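Written out below as structure tokens is the structure these notes cover.
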2 protein chains.
Amino acid sequence: MNFSTSEENYIKAIYHLQHSTELVTTNELAAELQTKAASVTDMLKKLKAKKILNYEPYQGFTLSEEGRKVALGIVRKHRLWEYFLVQNLGFGWDEVHEIAEELEHINSPILIEKLDAYLSFPKFDPHGDPIPDINGKMEVTKQINLIDLELNREAEVSAVGSQSTELLELLRHKNIGIGTVLEVIRKFSFDNSIEIRIKNFPPFSISQQLAQTLFVNPVYGSTIVGSIS
Amino acid sequence: MNFSTSEENYIKAIYHLQHSTELVTTNELAAELQTKAASVTDMLKKLKAKKILNYEPYQGFTLSEEGRKVALGIVRKHRLWEYFLVQNLGFGWDEVHEIAEELEHINSPILIEKLDAYLSFPKFDPHGDPIPDINGKMEVTKQINLIDLELNREAEVSAVGSQSTELLELLRHKNIGIGTVLEVIRKFSFDNSIEIRIKNFPPFSISQQLAQTLFVNPVYGSTIVGSIS
DNA sequence: ATTAAAATTTAGACAAATCTAAATATTTTT
DNA sequence: AAAAATATTTAGATTTGTCTAAATTTTAAT
């Protein structure tokens with residue numbers, strides 16, 4: 001099935017809101033999309049008719065299985081284009097969101113597969129968010145500085161960003177390795193450093209540069225992994 | 001000023017039709033866009049109000065100076081994307097038109113300038129059509145096999161596609177060089193060979209491979225060159 | 001368990017882009 | 001130069017996505 005740009009924007013917004021609150025409400029969605037509640041209701045009816053939503057009037061709504069697949073497809077396109085814009089065209093990571101908002105609505109599956117191959121199948125976009133693969137699968141892993149404190153505080157280190165001796169020296173000094181479980185205590189916006197604690201030890205802080213090389217899986221907080229096809 | 005996707009499609013179609021007939025008519029445009037004459041009239045009024053068209057009811061129409069600049073900007077985007085799709089993503093030249101029809105409506109001047117630079121400022125798209133530069137200027141030159149026999153038959157060789165000894169050997173044998181004036185007599189669709197004549201000599205034919213390396217300027221046939229900004 | 005407040009939906013309107021059918025203008029034919 | 005044929009425009013309707021204002025439902029407060 002095909003969707004209009006407007007329908008796609010609704011589906012994507014619902015997908016993102018569901019990450020924090022399972023049941024999404026009309027007003028939340030209106031705020032997210034900078035539109036009016038009445039407009040949202042109209043679109044909800046349309047998406048329900050297309051079997052994209054589980055929706056009963058006044059009761060809130062969630063994406064259907066089909067809806068989640070559509071959403072993952074849009075997220076895939078958005079993040080692949082962002083990667084291209086930063087990595088190949090030389091944009092800054094903070095300049096690409098709006099352009100990707102347009103590019104994500106280009107409708108050509110073969111284009112996206114060729115782009116993915118051209119970029120060598122990246123797993124994370126320039127903001128550190130995971131890129132779903134063609135089946136909707138994506139890494140649960142994220143950079144530790146991107147952990148959402150509202151959702152998860154504990155995370156297990158699953159990979160490090162490079163094998164440089166400088167990085168490994170620092171990690172050994174801090175007693176961090178693959179498998180280490182960390183609790184994120186606080187983030188400081190001044191220098192993007194974060195304070196963390198390894199179980200049974202006193203807290204300490206790590207720099208932005210180090211945080212960006214630590215890829216972690218949330219210990220609870222099941223970021224759900226699914227499939228598009 | 002900004003234009004909707006639909007407005008842009010009308011502007012581009014009028015631009016292309018103007019290449020064959022100076023004054024464009026409502027029915028021609030309706031046929032080109034696969035729509036109805038009544039719909040065209042509606043849009044003509046809109047574009048006239050936006051000063052894109054010279055249009056008097058029942059009298060046909062042409063793009064205004066402003067309209068031509070807008071059209072050249074759209075053509076520029078279309079052809080740059082086609083170049084990217086073929087050269088970088090590995091599409092065949094016959095597979096990219098539809099995708100470029102979508103991509104050409106992405107509205108980000110900086111994106112197009114970065115893409116142009118990334119592609120090293122190509123002057124021709126994969127079909128051999130010239131790509132307008134940021135000011136709307138483009139080569140009048142085209143591959144000789146793309147000469148439109150309805151418009152021009154005589155053309156002057158202005159460049160050859162490579163300096164390989166094999167090519168130069170063939171060109172010397174055929175007596176073709178920079179500045180040679182050729183008359184295109186006929187095209188054969190079976191093998192895409194074309195029959196040409198050098199003034200005062202008997203006609204002979206050249207292969208598709210050779211034709212694609214011969215860049216020519218029409219001798220009469222004023223393909224108009226303009227500026228966007 | 002009412003009432004008050006907040007959230008959501010319905011009703012009716014609007015702009016953009018399209019269509020069909022009817023009216024009008026232009027061009028061609030005789 | 002009038003009639004016939006063709007081209008173009010107008011009038012009125014339709015779809016999509018949006019809005020405001022009014023009505024309804026749910027939730028929270030007393």
Side-chain angles (χ1 to χ4, degrees), chain A residues 1-14 17-18 20-63 67 70-71 74 101-102 104-107, chain B residues 1-14 17-18 20-63 67 70-71 74 101-102 104-107:
Chain A
M1 197 170 343
N2 277 332
F3 299 92
S4 70
T5 295
S6 191
E7 287 171 331
E8 289 193 347
N9 284 334
Y10 273 85
I11 293 168
K12 190 182 50 153
I14 296 166
L17 286 174
Q18 271 195 271
S20 19
T21 52
E22 181 57 20
L23 246 206
V24 183
T25 67
T26 304
N27 268 357
E28 272 171 19
L29 186 49
E32 175 81 11
L33 291 170
Q34 315 220 72
T35 184
K36 297 300 152 74
S39 309
V40 171
T41 302
D42 290 342
M43 184 59 90
L44 294 179
K45 287 191 217 157
K46 240 177 99 183
L47 292 178
K48 179 180 180 170
K50 289 193 173 187
K51 300 192 191 295
I52 294 305
L53 283 184
N54 307 119
Y55 165 57
E56 289 307 321
Y58 295 102
Q59 300 310 134
F61 44 91
T62 58
L63 289 176
V70 175
I74 301 166
E101 289 283 300
E102 288 196 54
E104 75 190 1
H105 300 296
I106 300 291
N107 178 27
Chain B
M1 198 171 346
N2 276 331
F3 299 93
S4 70
T5 295
S6 190
E7 287 171 332
E8 288 193 347
N9 283 335
Y10 273 86
I11 294 168
K12 189 181 51 152
I14 295 166
L17 287 174
Q18 271 195 268
S20 17
T21 51
E22 181 57 19
L23 246 205
V24 184
T25 68
T26 304
N27 267 357
E28 271 170 20
L29 186 50
E32 175 80 11
L33 291 170
Q34 314 220 68
T35 184
K36 297 299 153 71
S39 309
V40 170
T41 301
D42 289 343
M43 184 60 88
L44 294 179
K45 287 191 218 159
K46 241 178 98 184
L47 293 178
K48 177 180 181 170
K50 289 193 174 188
K51 300 195 192 290
I52 293 305
L53 282 185
N54 307 118
Y55 165 57
E56 289 307 322
Y58 295 103
Q59 300 310 133
F61 44 91
T62 58
L63 289 176
V70 174
I74 301 167
E101 289 283 299
E102 288 195 54
E104 74 189 4
H105 300 296
I106 300 291
N107 178 26

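Because the structure is predicted, anything quoted here is derived from the model rather than measured. In what follows, chains are A, B, ... by sequence order, proteins preceding strands, each numbered from 1.
- Within the nucleic acid shown, B/F61 has no heavy atom closer than 4.0 Å to any nucleic acid atom.
- Heavy atoms only, all atoms of each residue included: A/M43 and A/S6 are closest at CE-OG, 3.5 Å.
- Atom CD of B/E7 and atom P of C/dA16 are 9 Å apart (whole Å).
- Listed by residue number, the members of residues 23-32 of chain B with any heavy atom below 4.0 angstrom from DNA chain D are B/T25, B/T26, B/N27.
- If A/Y58 and A/S39 are placed on DNA chain D by their nearest nucleotide, the residue sitting closer to the 5' end is A/S39.
- Of all non-hydrogen atoms in A/E102 and B/I106, the two that sit nearest each other are OE1-CA, 3.5 Å.
- Residue B/S6 is in sugar-phosphate contact alone, with no base atom involved, counting any heavy-atom pair closer than 4.0 Å across all strands shown.
- Nearest heavy atom pair, residue B/F3 against residue B/M1, reads CE1-O, 3.6 Å.
- One interatomic measurement links the two molecules: CE of B/M43 to P of C/dA16, which rounds to 10 Å at whole-angstrom precision.
- Regarding contacts with the backbone of C/dT9, every side-chain N or O of A/K45 stays at 4.0 angstrom or more from both OP1 and OP2.
- Of the candidates A/E32, A/H105, A/E104, A/E104 is the only one forming a side chain to side chain donor-acceptor pair (under 3.5 Å) with A/K12.
- Judged by distance alone, with hydrogens and angles left aside, the side-chain atoms of A/E7 form a donor-acceptor pair with the main-chain N or O of A/S4 at under 3.5 Å.
- Checked by atom type and distance alone, the side chain of B/Q18 never pairs as donor or acceptor with a backbone atom of B/V24 at under 3.5 Å.
- For the OP1/OP2 pair of D/dT16 and a distance below 4.0 Å, the side-chain nitrogens and oxygens of A/Y10 include no atom meeting the criterion.
- Going from atom CG of A/D42 over to atom P of D/dT15 covers 15 Å, rounded to whole Å.
- Side-chain nitrogen and oxygen atoms of B/Q59 include at least one within less than 4.0 Å of the OP1 or OP2 phosphate oxygen of C/dT26.
- The side chain of B/K36 places no N or O atom within less than 4.0 Å of a non-bridging phosphate oxygen (OP1 or OP2) of C/dT18.
- Residues that satisfy the side chain to side chain contact (heavy atoms under 4.5 Å, CB included) test with A/T26, not counting sequence neighbours, are A/A37, A/V40, A/T41, A/L44, A/F61.
- B/Q34 comes within 4.0 angstrom of no nucleic acid atom, judged by non-hydrogen atoms across all strands.
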